[in-house]
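Written out below as structure tokens is the structure these notes cover.
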Amino acid sequence: MNTKEKKQQYEVPEEKPAIVEEPLITYPSLDLDLTKRYTYADYLTWIDETRRELIDGFIHLMSAPSTIHAQISFNWVLWAGTFFKKRKGKCKIYYAPFDVRLPKGDVKEDDKIYNVVQPDICVVCDLTKIDDRGCIGAPDLIVEVLSPSTAKLDWNKKFNLYEKAGVREYWIVDPNTKLVHIFLLQPNGEYDLGTIYECNEKAPVHIFEGLEIDLKELFGD
């Protein structure tokens, strides 16, 4: 089914040691200007408990995932994990919160990077892109699970961002309709029109031959 049009829409001691209870560290919420354009250098200075993404330098606030959202992400990683384990580290799965920096071209400087996202799931095969702060450069595969607060972002701004960055395969998983929309990057640098898979089907991960996800298991039916 054609779906691209919807884009427009982890000896007992004899006496127990004394237990020292350390105070819980909390961080105040930052009062940031949502109309201002920021960089990854700015992003690194924001030490509080709020999750954020930067798209073209503008802040997008993130909320905690719902139970079904978290379960779908877990099921996807669980199902695909065995496949990648057999590939002996050729590709690795990461899941939110995990920062993915998407610079333009070969830019590496923190103060010149304007796109930092936390996809629900991503798979990276070029492990030189991985450092102690996450991933810099496009993952091979990204999976986003829709929620009411992120649906428009996932369908539009993230769709365009992932397309321009060169993410080879993009999954949009809809818990409400129990449909999976899969887009594949074409030689012209654009995604195809997309294919829809229903919850009674198995959806192939096209860029990894032999991997398919049982959507009945994914949605927990």
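Excluded from the calculations below are hydrogen atoms, water molecules and symmetry mates; all remaining heavy atoms, backbone and side chain alike, are included.
- With sequence neighbours excluded, the residues satisfying salt bridge (charged side-chain N to carboxylate O under 4.0 Å, His left out) with E53 are K158.
- Y162 pairs by the side-chain hydrogen bond (donor to acceptor under 3.5 Å, both in side chains) definition with E144, not counting sequence neighbours.
- Identified under the disulfide bond (SG atoms under 2.5 Å apart) test for residues 82-127, with sequence neighbours left out: C91-C125.
- With sequence neighbours excluded, no residue forms a ring pair (Phe, Tyr, Trp, His ring centres under 6.0 Å) with Y197.
- Taking the side chain as every heavy atom from C-beta outward, P204 and L211 never approach each other to under 4.5 Å.
- For residues 123-135, the set of pairs meeting the side chain to side chain donor-acceptor pair (under 3.5 Å) definition, not counting sequence neighbours, comprises R101-D131, D110-R133, D126-T128.
- Within the 4.5 Å cutoff, the side chain of L161 has heavy atoms near those of the N115 side chain.
- Residues V180 and I182 come closest through the heavy atom pair CG1-CG1, 3.8 Å.
- Proximity of V205 to E169: side-chain heavy atoms (C-beta onward) are separated by under 4.5 Å at one or more points.
- For the pair P119/I142, a side-chain contact is recorded, criterion being any heavy-atom separation below 4.5 Å from C-beta on.
- Contact check for I136 versus Y40: no side-chain heavy atoms found under the 4.5 Å cut-off.
- By the criterion of side-chain heavy atoms lying less than 4.5 angstrom apart, applied directly or through intervening Ile, Leu, Val, Met, Phe, Trp or Tyr residues, L78 is not grouped with L218; the two fall into different hydrophobic clusters.
- For residues 62-93, every residue pair satisfying the ring pair (Phe, Tyr, Trp, His ring centres under 6.0 Å) rule, not counting sequence neighbours, is listed here: W76-W171, F84-F208.
- Scored by the side-chain hydrogen bond (donor to acceptor under 3.5 Å, both in side chains) test, Y43 finds D99, Q118 as partners (sequence neighbours excluded).
- For the side-chain contact (heavy atoms from CB on, under 4.5 Å) test with Y114, the passing option among D42, L54, T39, V107 is T39; the others fail.
- Of all heavy-atom pairs spanning L146 and A151, the tightest one is CD2-CA, 3.8 Å.
- Between Y191 and F183, the ring planes lie tilted relative to each other; the angle falls in the 30° to 60° range.
- Counting all heavy atoms, side chain and backbone alike, R51 lies closest to S63 at NH1-O, 4.3 Å.
- Side-chain heavy-atom separations under 4.5 angstrom define the hydrophobic clusters, and F58 shares its cluster with no other residue.
- The side-chain hydrogen bond (donor to acceptor under 3.5 Å, both in side chains) search around D111 returns none, not counting sequence neighbours.
- Proximity of L32 to W46: side-chain heavy atoms (C-beta onward) are separated by under 4.5 Å at one or more points.
- F219 and V77 fall within a single hydrophobic cluster, where Ile, Leu, Val, Met, Phe, Trp and Tyr side chains are chained together by heavy-atom contacts under 4.5 Å.
- Here the side chains of I55 and L153 are in contact, with some heavy-atom distance below 4.5 Å.
- L102 and I130 fall within the same hydrophobic cluster, defined by Ile, Leu, Val, Met, Phe, Trp and Tyr side-chain heavy atoms under 4.5 Å apart, directly or through other members.
- Partners of L61 under the side chain to side chain contact (heavy atoms under 4.5 Å, CB included) rule, at least two apart in sequence or in another chain, are T50, R52, I59.
- Atom CG of N160 is separated from atom CD of E190 by 10.0 Å, given to the nearest 0.5 angstrom.
- With hydrogens and angles ignored, the 3.5 Å screen pairs no side-chain donor or acceptor of Y170 with any backbone N or O of H181.
- Among residues two or more places apart in sequence or in another chain, the disulfide (SG to SG under 2.5 Å) test is passed with C135 by none.
- Salt-bridge annotation for K157 and D56: absent, with no side-chain N of the basic residue lying under 4.0 Å from a carboxylate O of the acidic one.
- Remark: S73 pairs with no residue by the side-chain hydrogen bond (donor to acceptor under 3.5 Å, both in side chains) rule, at least two apart or across chains.
- Within a 6.0 Å sphere centred on CD of E109, other residues, nucleotides and ligands contribute more than 12 heavy atoms.
- Side-chain contact between V173 and V143 is present, with heavy atoms from C-beta onward closer than 4.5 Å.
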